[in-house]
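Have a look at the structure below, then the notes.
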Amino acid sequence: MRVLFITTEMDDFVRVGGLAAVSAALPRALRRRSDVRVMLPGYRDVIEQLTHVDIVGQCDALAEMPACSVGRAATKDGLPVYVLLCPQLYDRPGNPYGDENGQDWPDNDIRFGRFASAAAELALGKVDKNWAADLVHANDWQAALTPAYLAWKDAKVPSILTIHNLAYQGLFPPDSLRRIGAPESSFHIDGLEFYDHMSFLKGGLVYASHLTTVSATYAKEITTRELGCGLEGLLKRRSDADQLTGILNGIDESWDPRACAQLAQTFGAGDWEGKQANANYVRKQFGLAVSRGPIFALVARLVHQKGIDLVLSAADKIIDAGGQIVVTGSGEPHIEKALVEAHLRRPDAIGVVIGFNDGQARRMFAGSDFTLMPSRFEPCGLSQMYAQRFGSLPIGHQTGGLAETIKDGETGFLFAKPSPESFLGGVRRAFEAFRAKDRLDTMRRNAMARSFSWDLSAACYNALYRKTVAPSIAA
């Protein structure tokens, strides 16, 4: 089966959040079963890292969206990658979505409308004359209009849209409809219209053949008013029609502390001296005082969703009980500022690095005793899986993928509400386990023995692909 996997991030080239890890791992896990090809915008970081790009075709200008080329390249291990080449839209500083100050690009409607419409043309065989897709797999709002462009062309290529985070919807003024060449007839309550705005994500929710999200729990949560972000009615209808599936993400095999070259010292379950060597390294790197107490790690995007305020409110109590906190990530400026201020107030016990470095994150998981994940909601989450593999017990809010991947009291700790009191309850349980060395040893071993392989996820996606394509074959 020929599958076009459409994404705006991929760990090989460019990363903002968890989508990058999924986009690097899932297509590779699917390769044994399908001819999967990834499509990415031609950001500066992507182009600079590709050694050879063959131009396979062109896309004509559409409305206010410029003409562009499509190149074909490959990752180092041979995974085919299509790149949308349009320097005026994608060759910019900053991250894929905004400038160096974290502000969204004002023309993101054109940038990602162009991306989705080009993906539809590629899927239909109109760009690469040697390849067309049997199925399109679009990810998040930036690619969500691909199924819509296919529908507007009366194309019969089936499509799947994966919702990695419903809170990011791609909302633009109604005038964007004209700018991206969408038909005026699509702007209504059962189309792209969302409270007088145009919603890219809603377009995908309406037009895709099937919807998935990244855990079964989150698939249920987004059909409720609390976590449905105003789209719960539409999602409930699709769920009731058996057109919404939750498939848990995995993590790749490099998350193995016995073989990870980026650690200060490799170690396995039971080799707590090896884990201690990583703890010593982390303390030194973050300038923390020598201590026999636990290290609590926070590796996350620094945004409201992630509950960073709960960590800040609990910081003094954690330190007073003998703990230390290390943080890395980037995000909302006021959250970054609050964390830096906390570090300046207690530099011996709170270490903060704004930014993200994969090697440093791995050493933090390896060196910490606990990983903090007080997210208000969490579609899947990857840090709690990384943490368990590296013997750092996650403390997570009982929501979304956290509820499915943390075994409370066995491989980590779950707390019921995203409130300071509930979070502190989870932290207290962690301290109790830390003081009971036999229990800590058992929990670490349980956590490190867990497998979060992509193979299971890939098998579920493959079955869904075949189910989704079947009606079009019959037709």
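Values below: every heavy atom of this structure, side chains too, minus hydrogens, waters and symmetry copies.
A distance of 9.0 Å separates CD1 of Ile222 from CG of Leu231, quoted to the nearest 0.5 Å. Going from atom OG of Ser209 over to atom CG of Leu135 covers 7.0 Å, rounded to the nearest 0.5 Å. If you take CD on Gln384 and CZ on Phe452, they are separated by 7.0 Å, rounding to the nearest 0.5 Å. The line from OH of Tyr43 to CG of Leu84 is 10.0 Å long, rounded to the nearest 0.5 Å. Rounded to the nearest 0.5 angstrom, Leu211 CG and Ser159 OG are separated by 8.5 Å. Rounded to the nearest 0.5 angstrom, Ile308 CD1 and Ile335 CD1 are separated by 6.0 Å.
Screening residues 25-54 for salt bridge (charged side-chain N to carboxylate O under 4.0 Å, His left out), with sequence neighbours left out, gives Asp12-Arg28, Arg28-Asp77, Arg32-Asp455, Asp35-Arg37, Arg44-Asp91. Within the structure, the salt bridge (charged side-chain N to carboxylate O under 4.0 Å, His left out) test picks out the following pairs touching residues 349-371 (sequence neighbours left out): Asp358-Arg362, Asp369-Arg444. Every pair passing salt bridge (charged side-chain N to carboxylate O under 4.0 Å, His left out) that includes a residue from residues 337-353 is listed here, sequence neighbours excluded: Asp316-Arg345, Lys337-Glu341, Arg346-Asp348.
The closest donor-acceptor contact from the side chain of Glu404 to the backbone of Thr217 lies under 3.5 Å. Under the 3.5 Å distance criterion, the side-chain polar atoms of Gln360 are left unmatched by any main-chain donor or acceptor of Gln285. Checked by atom type and distance alone, the side chain of Ser215 pairs as donor or acceptor with a backbone atom of Pro379 at under 3.5 Å.
Salt-bridge formation is not detected for the pair Lys437/Asp441: no Lys NZ or Arg NE/NH1/NH2 atom is positioned less than 4.0 Å from an Asp or Glu carboxylate oxygen. For the pair Arg111 and Asp104, the salt-bridge criterion is not met [side-chain N within less than 4.0 Å of a carboxylate O]. We find that Glu378 and Lys306 are joined by a salt bridge, their nearest charged nitrogen and carboxylate oxygen being less than 4.0 Å apart.
The aromatic ring centroids of Trp141 and Tyr168 lie 6.0 Å or more from each other. Close placement of the Phe431 and Phe296 rings is indicated, their centers lying within 6.0 Å of each other.
Scanning for salt bridge (Lys or Arg N to Asp or Glu O under 4.0 Å) contacts around Arg435 gives an empty result, with sequence neighbours left out. In this view, Trp454 satisfies the ring pair (Phe, Tyr, Trp, His ring centres under 6.0 Å) rule with no residue, not counting sequence neighbours. Under the rule for a salt bridge (Lys or Arg N to Asp or Glu O under 4.0 Å), Lys284 has no partner lying at least two apart in sequence or in another chain.
Atom CD of Glu253 sits in a sparse spot, with 12 or fewer heavy atoms from other residues, nucleotides or ligands closer than 6.0 Å.
Ring geometry for Phe377 against Tyr218 counts as parallel: the plane angle stays under 30°, on a 0 to 90° scale with 60° as the upper cut. Classification of the Tyr465-Tyr461 ring pair by plane angle, with boundaries at 30° and 60°, yields tilted.
Defined by atom type and a distance below 3.5 Å, a donor-acceptor pair is present between the side-chain atoms of Thr212 and Thr162.
Shown are His137, Met10, Met39; of these, the side chain to side chain contact (heavy atoms under 4.5 Å, CB included) with Phe5 is made only by His137.
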